[in-house]
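Here the structure is laid out as structure tokens; the discussion comes afterwards.
A note on names: the letters A, B, ... follow the listed sequences, proteins ahead of strands, and every chain is numbered from 1.
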Amino acid sequence: MTDVADLPDDLPAVRTALIEWYEADHREFPWRETTDPYPILVSEIMSQQTQLGRVEEAWAAFLDTWPTVAALAEADRADVVGFWTDHSLGYNNRAKYLHESARQIVEEFDGEWPTSPEGLQELMGVGPYTANAVASFAFDNGDAVVDTNVKRVLYRAFDVPDDDGVFEATASELLPAGESRVWNNAIMELGGVACGKTPRCDEAGCPWRAWCHAYEVGDFTAPDVPTQPSFEGSRRQFRGRVVRTLGEYDELALDDLGPRIRVDYAPDGEYGREWLRGLVDDLADDGLLAVRADGDSSERDADGDERVLVSLRR
DNA sequence: ATCCCGCTAG
DNA sequence: CTAGCGGGAT
């Protein structure tokens with residue numbers, strides 16, 4: 001049995017306070033207006049590592065383009081990845097995952113959505129968080145979601161130690177049985193509007209002030225979130241530029257692509273053809289690009305190597 | 001600079 | 001277990 005942190009004695013009061021706070025007033029997001037798993041999955045995948053405010057327009061446009069899971073399953077991968085980049089949604093691996101998930105629903109599940117978190121985790125790109133979120137919001141059948149918001153709330157309110165196992169066990173203990181839909185919405189809303197990095201306890205009327213350890217002692221430290229290396233000049237930035245550029249051209253040769261993603265591209269320089277080929281091969285391994293040799297053997301580069309053409313993968 | 005409703009692959 | 005993955009907003 002995994003450790004569960006000490007929680008207040010009156011758990012029913014703690015639960016009721018949060019649910020009533022949420023139901024009295026909360027942000028309106030369109031995906032909270034449906035119980036259809038497809039638009040909910042789209043919103044959850046888009047929301048990973050991306051602010052909700054930037055997801056709204058993209059979510060509507062995505063569903064406008066691919067209104068059903070069957071429509072998405074039939075789409076070209078290149079169009080889905082292109083959409084992702086056009087809407088600046090980041091991590092375009094997630095576009096691939098979403099597309100692959102749609103294919104799985106249609107082909108492996110015969111169009112029938114799993115309704116349990118375990119079943120949903122079979123879908124590509126759906127881990128513990130997303131599985132519980134979709135099971136909750138679509139089917140009211142999830143366990144507690146544990147994301148950085150929930151961790152921060154539990155860490156502050158109930159002094160839960162910074163340990164994933166304890167967070168999960170404690171979050172699960174707190175969840176009122178059979179109410180995962182409203183509960184998971186409510187606790188993430190709390191983390192989003194009242195208990196963010198900068199706490200807004202009184203302004204947001206936090207319903208847990210009476211029990212909150214941080215509020216009592218005035219220490220609003222949050223669990224450490226692993227900091228990312230700087231994006232500027234990173235490999236990630238250049239991967240993004242490659243995908244964005246290929247969204248504008250059907251197919252490009254390496255030496256035509258290179259100058260479009262970095263001004264200092266020189267075929268034989270430090271960041272030249274060899275460097276770009278490595279980047280492109282990784283993107284191809286990730287299933288985002290197609291790389292092929294130019295069939296025309298007269299097209300060879302200065303070193304006599306066969307020319308390589310890259311495109312977004314269909 | 002830091003943050004943002006994580007996940008997959010190794 | 002850790003490394004790697006985009007990019008806009010603040």
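Going from atom CD of A:Glu100 over to atom C1' of B:dC7 covers 14 Å, rounded to whole Å. Between A:Leu120 atom CG and B:dC7 atom P there is a gap of 12 Å when expressed in whole angstrom units. Rounding to whole angstrom units, CE of residue A:Met46 and C1' of B:dG6 are separated by 16 Å. Spacing between atom CD of A:Glu232 and atom P of B:dT2 amounts to 15 Å, rounded to whole angstrom units.
Position along DNA chain B of the nearest nucleotide to A:Val225 versus A:Ala131 favours A:Val225 as the more 5'-ward residue. Across the interface with DNA chain B, nearest-nucleotide mapping of A:Gln121 and A:Arg27 shows A:Arg27 to be the residue nearer the 5′ end.
Using a 4.0 Å heavy-atom cutoff across all strands shown, A:Val55 reaches no nucleic acid atom at all. A:Ser230 comes within contact range of no nucleotide atom at all, as no heavy-atom separation falls under 4.0 Å. A:Pro128 comes within contact range of the sugar-phosphate backbone alone, with a heavy-atom separation under 4.0 Å but no base atom that close.
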Please output the side-chain donor-acceptor pairs of residues 70-79 of chain A that fall under 3.5 Å, not counting sequence neighbours, one pair per line with the distance.
{"unit_1": "A:Asp76", "atom_1": "OD2", "unit_2": "A:Arg314", "atom_2": "NH1", "d": "2.5"}
{"unit_1": "A:Arg77", "atom_1": "NE", "unit_2": "A:His99", "atom_2": "ND1", "d": "3.1"}
{"unit_1": "A:Arg77", "atom_1": "NH1", "unit_2": "A:Gly287", "atom_2": "O", "d": "3.2"}

As a check on the pairing definition, encode DNA chain C in dot-bracket form, counting Watson-Crick and G-U wobble pairs whose two distances are under 3.5 Å, and using | for partners outside this strand.
|||||.||||
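Of the residues in residues 144-162 of chain A, those with a non-hydrogen atom less than 4.0 angstrom from any atom of DNA chain B are A:Asp147, A:Thr148, A:Asn149, A:Arg152. Residues from residues 68-80 of chain A with heavy atoms under 4.0 angstrom of DNA chain C: there are none.
Each ring-ring contact (aromatic ring centres under 6.0 Å, His included) pair with one or both residues in residues 9-35 of chain A, not counting sequence neighbours, appears once here: A:Tyr22-A:His26, A:Phe29-A:Trp31, A:Trp31-A:Trp59.
Ring orientation note: the planes of A:Phe83 and A:Trp66 are nearly perpendicular, at an angle over 60° on the 30°/60° scale.
When each of A:Asp147, A:Val153, A:Val150, A:Asp162 is paired with A:Phe167, the side chain to side chain contact (heavy atoms under 4.5 Å, CB included) condition holds for A:Asp162 and for no other.
Rounded to a whole angstrom, the distance from the P atom of C:dG6 to that of B:dA9 is 14 Å.
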What string of B, S and - do you get for nucleotides 5-10 of chain C, 5' to 3', when a contact is any protein heavy atom under 4.0 Å?
BBBBS-
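In this structure, the ring of A:Phe238 has its center less than 6.0 angstrom from the ring center of A:Trp275.
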